[in-house]
Amino acid sequence: MTRWYQHRFHTVSTLRLMFWAVARVPLFAQPPIAVVTALVFCYMLKRERKAVSRNLRQITGSSGLALLWKVYRVFYTFSDLMVSYCYVPQATHAQLLSMLMDDEYGAATIAKYLAAGKGLILWTAHLGNPEFASRILEVHGRPVNVARVVEDQPAEKMLRDKMVSERLRVVDLRAGASATIELLQALRRNEIVAIQGDRVYNPRHSIDVSFFSKPAAFPLGPFLLSQVSGAPVMPGIVIRQGWLRYRMLGGDPILPGDSGDLEADQRAALTQAVRFLEAQLSVHYDQWINFFDFWRVNATD
């Protein structure tokens, strides 16, 4: 399994220091501090900086100083994400809604498909603030099941534990078939399943799709769940619109295919989701928080 974050600062002690400091810094002072912090880490984390550069060069075609500025902005977005761990996990639903720039945020569409009784699969990505996306779904009164791989790394476990609550559960995809069964049961209880679709955890259940004119592997898991459960897949992301201010963007729900060709239906559904991600990255490229060479890691032989 790929480990995406192995830099020396991703430790429990560093996170504790950050959470302690953020709690003592007024909200208005946090963005200017983040400007400096992002600059420092952008300079120090050379491997991650180079990986982000390659990703953004593929997406935007930029080079030189223009590319370096865009790379820096990714590190600034990451600062917002890390600081949000001090606010988002314990926020009430009213507080979460107050962080949104748009009160609607696709709520009517989500409610419509939940009313059908088959649950809902949110196909999201490491774009903007995926943790906020998981929590805002709780407003619909349904448990949210976040499907992800929890690495055997203390800092990752610490962040996971901050997000878990009675309404938000993490389903570890390393459990294999038992994780799949758990997610199917959640959908049959008309709950919400959130899956980040821009990382491949099991190459056997992925296929290549053209992504910014270059093939990349994406997981089929969300669409397999959709075919079996009947739940629609809704592409959706939460982007930053200021410091700790967000907007949710959603694509058209993708219904289970009925052509009789299961493989073709899954490929068509995945392609539609990837086109949604491409459209958002074309505008919000500086909020894609993937600090590894995406096309190299997600290549298939």
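On a predicted model such as this, the values are computed, not experimentally measured, just so you know.
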* Report the distance from atom CG of L114 to atom CD of E191, rounding to the nearest 0.5 Å. =>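 Rounded to the nearest 0.5 Å, the CG-CD separation comes out at 10.5 Å.
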* Asked: Does one side chain, of N290 or N55, offer a donor that lies under 3.5 Å from an acceptor on the other?
  ->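 Short answer, no.
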* Which residues satisfy the ring-ring contact (aromatic ring centres under 6.0 Å, His included) test with Y113, sequence neighbours excluded? ->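 Expected list: none.
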* Asked: Of all residues at least two apart in sequence or in a different chain, which pass the ring-ring contact (aromatic ring centres under 6.0 Å, His included) check with Y85?
  ->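 Partners of Y85 under the ring-ring contact (aromatic ring centres under 6.0 Å, His included) test: none.
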Please list, chain by chain and in numerical order, all residues satisfying side chain to side chain contact (heavy atoms under 4.5 Å, CB included) with [X], sequence neighbours excluded.
{"X": "S259", "answer": "D261, D265"}
{"X": "D252", "answer": "Q272"}
{"X": "S13", "answer": "T11"}
{"X": "R148", "answer": "E131, V146, V150, E156, V170"}

Which side-chain N or O atoms in residues 175-182 pair as donor and acceptor under 3.5 Å with protein atoms at least two apart or in another chain?
from	atom 1	to	atom 2	distance (Å)
S178	OG	A175	O	3.0
T180	OG1	G176	O	3.4

* Asked: Under 4.5 Å between any side-chain heavy atoms of I59 and S282, yes or no?
  ->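 Side-chain contact under 4.5 Å: no.
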* side-chain hydrogen bond (donor to acceptor under 3.5 Å, both in side chains) partners of residues 218-231, not counting sequence neighbours, each pair once ->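 The answer is none; no pair qualifies.
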* Only pairs at least two apart or in different chains count here, so list each side-chain hydrogen bond (donor to acceptor under 3.5 Å, both in side chains) that has a residue in residues 59-68. =>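 Residue pairs passing side-chain hydrogen bond (donor to acceptor under 3.5 Å, both in side chains), neighbours aside: T60-S62, S62-K70.
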* **Ring center gap for F294 and W288 short of 6.0 angstrom** =>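 Ring centres of W288 and F294 closer than 6.0 Å.
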* Asked: Which pairs pass ring-ring contact (aromatic ring centres under 6.0 Å, His included) with one or both residues in residues 232-259, sequence neighbours excluded?
  ->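 The answer is Y76-W243, F132-Y246.
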* With sequence neighbours left out, what residues match D161 under salt bridge (charged side-chain N to carboxylate O under 4.0 Å, His left out)? ->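 Testing D161 for salt bridge (charged side-chain N to carboxylate O under 4.0 Å, His left out), a comparison that skips the adjacent residues, returns none.
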* Quick one: hydrophobic cluster around V25, which other residues, with the 4.5 Å side-chain cut-off, linked directly or via members? ->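 Traced through the cluster, V25 reaches I33.
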* **Member of Y72, F9, F75, F291 meeting the ring-ring contact (aromatic ring centres under 6.0 Å, His included) criterion with F41** =>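 In the set Y72, F9, F75, F291, the residue that makes a ring-ring contact (aromatic ring centres under 6.0 Å, His included) with F41 is F9.
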